[in-house]
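Everything numeric here is computed off the predicted structure, so don't read it as measured data. Below, all heavy atoms of this structure are taken into account, side chains as well, without hydrogens, waters or symmetry copies.
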Amino acid sequence: MPDLHPTPSESLCVLIVEDDAANLEVMRLVLEMAGHRVVTAGTGREALLQAAEEHPDAVLLDLTLPDRNGREISAALRAAGGPVPRIIITSGTSLNPGDAARLGADEILQKPFSPERLLAVLG
C-alpha cells in the first residue's frame, strides 16, 4: 500500500478532468487521501475555467471528453499564459509514452491504473 500521507511540502493542487463519474471519484479519493487538494471538471470547457481559477500544479486529463479532446485542452492550457501545470493524459486507448509530446502532455497514464501508479506519476 502506498504512503497516502505526504508531508505538507508534497501536497499539490490537482485538476482531474474526467467525464466518467466512477473514474473521477476513484482518482479524487486516492489523491485526497494522499493529502492533495483536488478540483474536478467533466468537460473541456469546465477544465479551462477551473484551471484559470485554481492554477493547479498538475492536470489529470482524460483524452476523450464530450466537448473537446485532450490535445485541444492541453494546447489551450499551454497558450493561456502564466505557469503551465504538469499535464498528464489519462486514457483507456493504447498509447505509447512517446505520444505524450504529440498530445501536448508531459506524460501518459494508461487506464486502468493502480492508486500506487497514480501517486507515483504525480511524484
Side-chain angles (χ1 to χ4, degrees):
M1 184 65 141
D3 179 10
L4 296 180
H5 304 287
T7 61
S9 66
E10 295 173 327
S11 183
L12 302 171
C13 175
V14 180
L15 170 58
I16 302 171
V17 185
E18 172 64 63
D19 62 329
D20 182 281
N23 286 344
L24 188 144
E25 185 64 11
V26 168
M27 287 187 279
R28 185 187 67 75
L29 286 172
V30 168
L31 295 174
E32 286 180 348
M33 287 177 55
H36 300 297
R37 187 168 71 84
V38 176
V39 182
T40 64
T43 66
R45 182 179 183 285
E46 289 173 6
L48 296 174
L49 291 172
Q50 288 286 28
E53 200 172 292
E54 300 291 336
H55 307 288
D57 300 300
V59 178
L60 294 170
L61 177 57
D62 187 11
L63 185 58
T64 56
L65 294 164
D67 60 340
R68 295 186 180 173
N69 66 44
R71 179 187 290 178
E72 294 168 332
I73 297 164
S74 292
L77 289 170
R78 292 189 186 284
V84 176
R86 187 159 166 236
I87 300 172
I88 302 160
I89 294 283
T90 62
S91 177
T93 305
S94 183
L95 297 169
N96 298 313
D99 291 330
R102 180 180 60 80
L103 296 170
D106 299 297
E107 197 159 345
I108 293 174
L109 187 57
Q110 191 74 41
K111 295 176 189 176
F113 46 82
S114 69
E116 294 85 0
R117 178 74 180 125
L118 174 59
L119 295 175
V121 165
L122 287 173

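- Considering only residues two or more places apart in sequence or on other chains, E54 meets the side-chain hydrogen bond (donor to acceptor under 3.5 Å, both in side chains) condition with R37.
- Residue pairs meeting the salt bridge (Lys or Arg N to Asp or Glu O under 4.0 Å) criterion with at least one partner in residues 57-66, sequence neighbours excluded, are D62-K111.
- Remark: the backbone N or O of E46 is not paired with any side-chain donor or acceptor of Q50 at under 3.5 angstrom.
- Cluster annotation: L109 and V38 are assigned to the same hydrophobic cluster (Ile/Leu/Val/Met/Phe/Trp/Tyr, side-chain heavy-atom contacts under 4.5 Å, transitive).
- Between L95 and Q110 there is a side-chain heavy-atom pair separated by less than 4.5 Å.
- Heavy-atom minimum distance, I108 versus N96: CD1-O, 3.3 Å.
- Looking at S11, its side chain does come within 3.5 Å of a backbone N or O of G35 through a donor-acceptor pair.
- Heavy-atom minimum distance, A41 versus A47: CB-N, 3.5 Å.
- You'll find the side chain of V39 reaches within 4.5 Å of the side chain of C13, heavy atoms only.
- Proximity of a side-chain donor or acceptor of N69 to a complementary backbone N or O of E72 within less than 3.5 Å is detected.
- Just one of V121, L31, L15 meets the side-chain contact (heavy atoms from CB on, under 4.5 Å) condition when paired with L60; it is L31.
- When side chains are defined from C-beta on, L48 counts as touching L77, because their heavy atoms get closer than 4.5 Å.
- Looking only at side-chain heavy atoms (C-beta outward), P115 and L29 stay at 4.5 Å or farther from each other.
- The shortest heavy-atom contact between I87 and S74 is CG2-OG, 3.5 Å.
- Taking hydrophobic clusters as Ile, Leu, Val, Met, Phe, Trp and Tyr residues chained together by side-chain heavy-atom distances below 4.5 Å, I88 does not share a cluster with L103.
- Put simply, the side chain of D67 gets close to the backbone of R45: a donor and an acceptor are under 3.5 Å apart.
- A heavy-atom distance below 4.5 Å is not found between the side chains of V59 and I73.
- Here salt bridge (Lys or Arg N to Asp or Glu O under 4.0 Å) pairs that include residues 75-91, with residues two or more places apart or in two chains, are R78-D106, R86-E107.
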